[in-house]
> 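For reference, the structure I am asking about is given below.
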There are 2 protein chains.
Amino acid sequence: MGTGTRRLRADAEQNTARILEAAAKVLAADPSASLERIGEAAGLTRATVHRRFASRQALLEALAAQLNQRYVDGLERSCVDNPSPREVLLRFTEAVFELKTTHLFAMELVGTDCATGLSPEVVAGIERIFARLRAAGEITETGDRWCRRVYLALLHEVHLLPGDAAELRKRSRAELVVGSVLGALGGMPGQG
Amino acid sequence: MGTGTRRLRADAEQNTARILEAAAKVLAADPSASLERIGEAAGLTRATVHRRFASRQALLEALAAQLNQRYVDGLERSCVDNPSPREVLLRFTEAVFELKTTHLFAMELVGTDCATGLSPEVVAGIERIFARLRAAGEITETGDRWCRRVYLALLHEVHLLPGDAAELRKRSRAELVVGSVLGALGGMPGQG
DNA sequence: AGGAAGTGCGACAGCCGTGTATCACTTAAT
DNA sequence: ATTAAGTGATACACGGCTGTCGCACTTCCT
């Protein structure tokens, strides 16, 4: 997937970005929205969408690839300064919350597993966090896949939680996620 | 929604059941499967599907209604003999696992909330279980909606877990769900 | 300024799902 | 056994989305 295709003109490249952005927004509201609607939301024509992405499938894959890239960015940014594993999880959770607002559709598209489109690199990164949590005694569960799935599931549920929910009065959304996950995986969520 | 429509012939009634059953199976594999495929799976023609259900929408609603009924059945059966709240949750979880095998599509259709089609009766039933768990000191979280969502989310994740996963070596799927949920909601999951 | 790249517009063909209707035939009900 | 109900088969109209043209026009690049 390198820069094998000869480079696009500057405005054209910008338009592909617009399309991806518009697709993320429109598909989040309606997963079966037509390319027409996506193009419209991008201020472009359906024909142009087809010029950038040969098929609907190609557009979806590009969307998934973009999401995976954001995931690895989030993972890297969560690890700078070598904080405690719990702090890493907290930072990463906040990063994913931001992704939920812009890439909600793509996240449901790639799911929570390699088999469904989530990058192996991302999977490994998340599981590494839980390995560190385990080494630090924050959790007792030993299944990497299980830890990751519980985490992503609870993260998603918190995202669906209304902003004024009682659970969020004293702690942030990320803190609620981390506390719940550690509790679910056999830790002492109350300590901080 | 009573028996307002004059009663069908016996075989016709049986066919509606076949259609619902086939729809549950086919749509679980492909949520956007056509009525043609559903009818085929039921051993019937698309025309007959349309005779029983005026529109695709109507079929989906019937599917959701059937699921809600199974939910309340499961709730009732979980409460006979007045067992401990934890035991109630365990029984109900097992009932839902069975539903996952037959009504997977419908469950994702109705979601985890009244707003999306889950019956208020079912919501109240589930939240009642958690109120009892709270009264018994098994959990500390106080938000009914939050408890319910965490529960259904983790239940779903366990269902997705491969049957030979390490987490299931010493405890059943339902026990894994209950343990994880109680931990996530501020309890001591290790106790039996 | 000149040429190339990109876009808008419109049109077309193809496909698939939905919903309705008709008619001959089979089946349950009493 | 007779009657009404239900079904299969087939056809049709309708609408929507996809993918691909061609052509005139605008925009960037150098």
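Quick note on labels: first sequence line is chain A, next is B, and so on, each numbered from 1.
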> Give each protein N/O atom lying under 3.5 Å from an N/O atom of nucleotides 27-30 of chain C, with the pair distance.
unit_1, atom_1, unit_2, atom_2, d
C:dT27, O2, B:R9, NH1, 3.0
C:dT27, O2, B:R9, NH2, 3.3
C:dA29, OP1, B:A10, N, 3.2

> Could you tell me whether a side-chain N or O of A:N68 sits under 3.5 Å from a main-chain N or O of A:A64, the two making a donor and an acceptor?
yes
> Please state how far atom CD1 in A:I19 lies from atom C1' in C:dG6, giving the value in whole angstrom units.
12 Å
> Please list, pair by pair, any protein nitrogen or oxygen found under 3.5 Å from a nitrogen or oxygen in nucleotides 15-23 of chain C.
unit_1, atom_1, unit_2, atom_2, d
C:dT18, OP1, B:R56, NH1, 2.6
C:dT18, OP2, B:L35, N, 3.0
C:dG19, OP2, B:R56, N, 3.1
C:dG19, N7, B:R46, NH1, 2.9
C:dG19, O6, B:R46, NH2, 2.9

> Can you tell me the distance, in whole Å, between the CD atom of A:Q14 and the P atom of C:dT7?
11 Å
> Of the nucleotides C:dC9, C:dG6, D:dG8, which one has an atom closest to the side chain of B:T48?
D:dG8
> Find out whether A:L59 and A:L20 are in side-chain contact, i.e. whether some heavy atom of one side chain is under 4.5 Å from a heavy atom of the other.
yes
> For C:dT7, take OP1 and OP2 only and decide whether either is under 4.0 Å from a side-chain N or O of A:N15.
yes
> Taking the six-membered ring of B:F97, is NZ or CZ of B:R173 closer than 6.0 Å to its centre and within 45° of its axis?
yes
> Donor-acceptor pair, B:D30 side chain versus B:S32 backbone, under 3.5 Å?
yes
> Among B:V88, B:V178, B:L154, which residue satisfies the side-chain contact (heavy atoms from CB on, under 4.5 Å) criterion with B:T93?
B:V178
> Distance-only, no hydrogens or angles: does the A:T116 side chain make a donor-acceptor pair with backbone N or O of A:V110 under 3.5 Å?
yes
> Between B:R52 and D:dT7, is there a contact of a side-chain N or O with OP1 or OP2 at under 4.0 Å?
yes
> For the pair B:T45 (side chain) and B:T48 (backbone), establish whether a donor and an acceptor sit closer than 3.5 Å, ignoring hydrogens and angles.
no
> Using the side-chain hydrogen bond (donor to acceptor under 3.5 Å, both in side chains) rule, take B:Y151 and B:T112 through it: C-alpha gap first, then chi angles, then the decisive distance, then the call.
CA-CA 10 Å; B:Y151 168 64; B:T112 65; over 6 Å; no
> Base, sugar-phosphate, or nothing for A:G43, non-hydrogen atoms under 4.0 angstrom?
sugar-phosphate
